[in-house]
Enquirer: 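To start, I am sharing the structure in question, which I have written as structure tokens.
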Number of protein chains: 2
Amino acid sequence: MLESTLETAQRDDTATRIIDAAERLFIRDGTEATSLRAVTREAGVNVAAIHYYFGSRDELLRSVLDRIIKPLNVRRLALLNQSLDAHHGRPLSVHEILRAFLLPDLELIETLRDRGVEIAHFAARSYAAPSPALKPLIEEQFSEWSTRFMDELARALPRVDREELAFRFRCIIGVIVRLLGAATPRGVAGGLDTTEILPTLERLVAFIAPGLSAPKPTRPAPPRSRARIIKE
Amino acid sequence: MLESTLETAQRDDTATRIIDAAERLFIRDGTEATSLRAVTREAGVNVAAIHYYFGSRDELLRSVLDRIIKPLNVRRLALLNQSLDAHHGRPLSVHEILRAFLLPDLELIETLRDRGVEIAHFAARSYAAPSPALKPLIEEQFSEWSTRFMDELARALPRVDREELAFRFRCIIGVIVRLLGAATPRGVAGGLDTTEILPTLERLVAFIAPGLSAPKPTRPAPPRSRARIIKE
DNA sequence: GTCTATAACGGGATAGAC
DNA sequence: GTCTATCCCGTTATAGAC
């Protein structure tokens, strides 16, 4: 599944060569630092070819990111549906939902190794600081699966206030983006062999799940406490 | 404390005008999209003045970011030390440590409102996708306070494996960066009035603390489970 | 479909007068 | 310290030959 879209396609037409080269450079040097000229050099094609096939630089950028992110999200939903099938539609546990949510990113890093790490960094940058050209794409793709996960989490945690859940869901996005951004060839977020993604998955779930299920916080600290904290 | 460095300085010398203008534009349009010429227009000074006072574009960028981040980290450590004093040096609770850790960012947003939100976005971008010029600065400042907090967390949670703690600490950084990046004028991470930062603080602590204190995950799921999850 | 050549522009940096 | 003028570079995009 991942292979079909993430590895270099077998077809060797010009458009594919361009998008492969652009991906390599966007990933390695960052989107803003990569010029079309660099892409054409890397792809061994001409400057005009990019405009012929993609129309503009922004459109090429969108194509590259789309090819990376889409299969991840497809996989997320597939895992979720698969777990639901195994449960015959009954509510899943928080742990199971989180596994479906997190596993695709770990798989990406494991499958492609060094390249996976760089792709992860690229994805993290695109999420955390999307250029104006990427923002609509990111938000569209995000909304496709985030509501499904939110709904499933709400089913798993009926006692947690829906708005509180949404707040925590946003925090989890932060964890995941950080995970991608801090991935190293020798481990996810440091110090762990990437060949072992399942232990990492369990570490993440063990960290996130308790907070997700936690009761709503009690009233904020009493005023005197605030004064003590804030004032010098 | 925050005011002295974050608000526009009273002095109106050229260097200050430049750095103020650069901050406004870096924040509003992003660092890569802001040219020195735009800065000079905004500051009402000449192109050469920037090179005279800062030497290069990268140096100006570093000065701007430094002025934003440094007081936040100073405040983090001040709050931590203050709590330690109140406890006469005895170990703090996880909740107290997290409050010292998170409060400065919320204060920033509350104090400066719309401008605070934009600064928060800028800080988040700088953390999540630092340009080569910013990376050393970020890492230096980060290491200054992160070890202090790690040590304090280790004291609060002697039963949690140190390496597991480090892993979770990195996840928290993700939450905080996300918090900054997703801040809106009407609320932190959506739907909450920013005038009320203490409830937000408690929500964050309530979400993070349980995961920090959680026991190490049990052995990863048995092999057949992996096969079931990974295969189509 | 693919290429060369070039247009049209904006960038950072600097020399040198004041 | 401050300004003007300029250098030199790389950028996206396109026109037009093949």
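Numbers restart at 1 for each chain; the letters A, B, ... are given by sequence-line order, proteins then strands. Excluded from the calculations below are hydrogen atoms, water molecules and symmetry mates; all remaining heavy atoms, backbone and side chain alike, are included.
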Enquirer: Can the ring centres of B/Phe101 and B/Phe169 be said to be less than 6.0 Å apart?
Expert: yes
Enquirer: Report yes if a side-chain nitrogen or oxygen of B/Thr14 is closer than 4.0 Å to either non-bridging phosphate oxygen (OP1 or OP2) of D/dG1; otherwise report no.
Expert: no
Enquirer: I'd like to know if B/Arg37 reaches the base of C/dG12 with its side chain such that a donor and an acceptor end up less than 3.5 angstrom apart.
Expert: yes
Enquirer: Assuming nearest nucleotide by heavy-atom distance, tell me which of A/Ala33 and A/Asn46 is located more 5' along DNA chain D.
Expert: A/Ala33
Enquirer: Would you mind reading off the distance between B/Ile18 atom CD1 and D/dT2 atom C1', rounded to a whole angstrom?
Expert: 11 Å
Enquirer: Heavy atoms within less than 4.0 Å of DNA chain D: which residues of residues 49-61 of chain B have one? Give them sorted by number.
Expert: B/Tyr52, B/Tyr53
Enquirer: Return the value, rounded to whole Å, for the distance between atom CG of A/Asp29 and atom P of D/dG10.
Expert: 15 Å
Enquirer: Do we see a donor-acceptor contact under 3.5 Å between the side chains of B/Ser63 and B/Asp66?
Expert: no
Enquirer: What is the distance, to the nearest angstrom, from the CG atom on A/Leu36 to the C1' atom on D/dT14?
Expert: 13 Å
Enquirer: Can you tell me the distance, in whole Å, between the CZ atom of B/Arg41 and the P atom of C/dG12?
Expert: 10 Å
Enquirer: If you only use heavy atoms from C-beta on, which nucleotide in C/dG11, C/dA13, C/dT4 is closest to the side chain of A/Ala48?
Expert: C/dT4
Enquirer: Yes or no on side chain to side chain donor-acceptor pair (under 3.5 Å) for A/Asn81 and A/Arg76, after CA distance, side-chain angles and deciding distance?
Expert: CA-CA 9 Å; A/Asn81 288 331; A/Arg76 268 185 251 280; over 6 Å; no
Enquirer: Taking side chain to side chain contact (heavy atoms under 4.5 Å, CB included) as the definition, give me every residue that meets it alongside B/Asn46, ordered by chain and number, with sequence neighbours left out.
Expert: B/Ala48
Enquirer: Using OP1 and OP2 only, check whether a side-chain N or O of B/Ser35 sits under 4.0 Å from C/dG11.
Expert: yes
Enquirer: Looking only at non-hydrogen atoms, find the nearest pair between B/Glu164 and A/Arg203 and report the distance.
Expert: OE1-NE, 2.9 Å
Enquirer: For the residue pair A/Ala15 and A/Tyr53, what are the closest heavy atoms and their distance?
Expert: CB-CD2, 3.9 Å
